[in-house]
Amino acid sequence: MATTQYESVPELAGEAPARAGTVVMKFGGTSVADVERIKAVAGRLVGAREAGNRVVAVLSAMGDTTDELVRLAHETSPRPVPRELDMLISVGERVSCALAAMAIHDLGHEAISLTGSQAGIVTDTVHGKAKIVDVRARRIHEALDADRIVLVAGFQGVSTDFDVTTLGRGGSNLTAVALAAALGADACEMYTDVEGVFTADPRIVPGARKLHAVSYEEMLELAAGGAKVLQLRSVEFARSHGVKLHVRSSFSDADGTWIREEDERMLEKAIISGVTHTLEEAVYRVEGAKPSELFQALAEAGASVDTIIQTGPEIVFSAPLSDTAEVTRTLDGLDVDWSSREDLGKVSLVGAGMKTHPGIAGRTFSTLAELGIEPQIVNTSPIKIACFVPLGDVERAVAALHDAFELHTEEAMRAHD
Ligand code: ADP
Ligand code: ASP
Ligand code: MG
């Protein structure tokens, strides 16, 4: 058994029929890192409004604000109370939105900033990684009808118990996609600090190419594999609700990467879309557990499990390092023998063309073998091969696979008209 688990996504009561001219534009932390950049974002939003669109912007916290707030919490308390942690870390996005609204007013346009709660983002009660259960967009519609640019604080909502919740790291992506679905927006524009989704993290592989188009399934695997340019949950939501995503640079007008349903044009030029990696997963080995009980308990504890491999009485699974406390508590609470290791990284090769092209696994393993790298755990899906290798080998493995599958070439970009 080897599976990748994705969570289910809700029906949205507020989901609207496509309403021409509504755009949702999301700006990440680097794009709003200082006052000058916030003014530049304001200018871009005004430009979209003047082009005739109903404009909804979702902003992240400025620069490293969220990391700083998390650090502050842990300096104050070894185990911050989850409710209060959410009250604290949701603040950053409000700052960006209020400042951007001020800058838009100075440009002669009407704007209003809203918290997640004011914007009608309703979630369950799980602090730190709440799920959106509904979007009640009445207030946003009213503001748009009044000719305002609407700025929504990303990454947060209000729970069914009326508490502030956050949606997990990178959660502003999810806010944007949920709003795009609920408002029937034409597309969800994700402005970030790179020009799109690349064939590998451009900070690790300088020869990486910007992809023109990626299918939802590929993007799910790329995000699960560590391409943090889009939060995994936001891609699931986009796929379930048919929201087209456009990942692009906030520092240029260039076209970025489109994430949408698969079509042959994506595949005719390149069978592989990219190589991703993550250094932030722990691998657990458990003996004597019933899979049903184990994974039920982990789900109840709110841990996100990725790779699962079962051979006989032994179960191996991986989970993000950020969930270590939940996993440890759960395993300690069950009557099982278990161990964990944090010395492995995951390198994933992803491509929709794998479904129809044999030989990809062979080339992957021989490329790693030439470097003297023996994968410790391997997990595959029809469009992915993921290998856990020693942390110190991750970057070499990514670079070698990128080369072996010729991802530095023009074809890899999947450009077409
Ligand atoms: P934002 O603040 O805009 O949400 P993030 O920092 O969360 O942006 O994500 C963008 C970063 O994702 C890029 O700076 C890049 O280093 C990293 N990244 C990792 N893998 C990829 C990839 N395959 N394509 C593009 N960016 C990637
Ligand atoms: N500010 C939050 C984070 O850093 C949410 C986001 O930027 O998407 O994770
Ligand atoms: Mg992000």
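Because the structure is a prediction, the values reported are computed rather than measured. Atoms within a ligand are numbered from 1 in the order they appear, just like the ligands themselves.
Side-chain contact annotation: Glu395 with His277, donor-acceptor N/O pair under 3.5 Å absent. A donor-acceptor contact closer than 3.5 angstrom links the side chains of Glu221 and Ser381.
With respect to Arg139 and Glu142, no salt bridge is recorded, no charged nitrogen being found less than 4.0 Å from a carboxylate O. Comment: Asp64 does not engage Arg71 in a salt bridge, judged by the lack of any side-chain N to carboxylate O separation of less than 4.0 angstrom. A salt bridge is absent between Glu261 and Arg239; no separation between the charged side-chain nitrogens and carboxylate oxygens falls under 4.0 Å. Ion pairing of Arg83 with Asp163 is present here, as a side-chain N (NZ or NE/NH1/NH2) and a carboxylate O approach within less than 4.0 Å.
Not one N or O of Pro202 is nearer than 3.5 Å to an N or O of ligand 1, by distance alone. In terms of N/O distances under 3.5 Å, ligand 2 is approached by Gly170. For ligand 2, none of its N or O atoms has an N or O atom of Asn173 under 3.5 Å away. Polar contact check, Gly226 against ligand 1: no nitrogen or oxygen pair lies under 3.5 Å apart. No N or O atom of Thr276 sits closer than 3.5 Å to an N or O atom of ligand 1. At a 3.5 angstrom cut-off on N or O pairs, Lys26 does not count as close to ligand 2.
Of all atoms in ligand 1, numbered sequentially from 1 with element shown, those under 4.0 Å from a heavy atom of Gly196 are 24 (N), 25 (C). Distances below 4.0 Å separate heavy atoms of Arg169 from the following atoms of ligand 2: 3 (C), 4 (O), 9 (O). Counting the atoms of ligand 2 from 1 in the order shown, those under 4.0 Å from a heavy atom of Ser60 are 6 (C), 7 (O), 8 (O). Within ligand 1, counting atoms from 1 as listed, the ones closer than 4.0 Å to a heavy atom of Asp193 are 10 (C), 11 (C), 13 (C), 14 (O). Heavy-atom contacts of Lys228 reach the following atoms of ligand 1: 6 (O), 7 (O), 9 (O), 12 (O), 19 (C) (cutoff under 4.0 Å). Near Glu93, with a cut-off below 4.0 Å to any heavy atom, the atoms of ligand 2 are 1 (N), 2 (C), 5 (C). Taking a cut-off of under 4.0 Å to the non-hydrogen atoms of Thr192, the atoms of ligand 1 that pass are 1 (P), 3 (O), 8 (O), 10 (C).
Using a non-hydrogen distance threshold of 4.0 Å, Lys26 registers as a contact of ligand 1. Using a 4.0 Å heavy-atom cutoff, Ala200 is listed among the residues neighbouring ligand 1. Gly171 counts as a contact of ligand 2, since one of its heavy atoms falls under 4.0 Å from the ligand.
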(message) side chain to side chain contact (heavy atoms under 4.5 Å, CB included) for Phe27 and Leu45? Distances and angles first, verdict last.
(response) CA-CA 11 Å; Phe27 292 84; Leu45 296 174; 3.9 Å; yes
(request) Please report the C-alpha distance between Ser304 and Lys129 in whole Å, then the side-chain angles of each, then the deciding distance to 0.1 Å, and finally whether the side chain to side chain donor-acceptor pair (under 3.5 Å) criterion is met. (result) CA-CA 10 Å; Ser304 318; Lys129 52 165 96 167; 3.3 Å; yes
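Under the ring pair (Phe, Tyr, Trp, His ring centres under 6.0 Å) criterion, Tyr216 pairs with no residue at all, not counting sequence neighbours. Residues meeting the ring pair (Phe, Tyr, Trp, His ring centres under 6.0 Å) test with Trp258, sequence neighbours left out: His246.
Residue Arg209 forms a salt bridge (Lys or Arg N to Asp or Glu O under 4.0 Å) with just one option from Glu411, Glu410, Glu195, and that option is Glu410.
Contacts with ligand 1 closer than 4.0 Å are made by heavy atoms of both the backbone and the side chain of Asp201.
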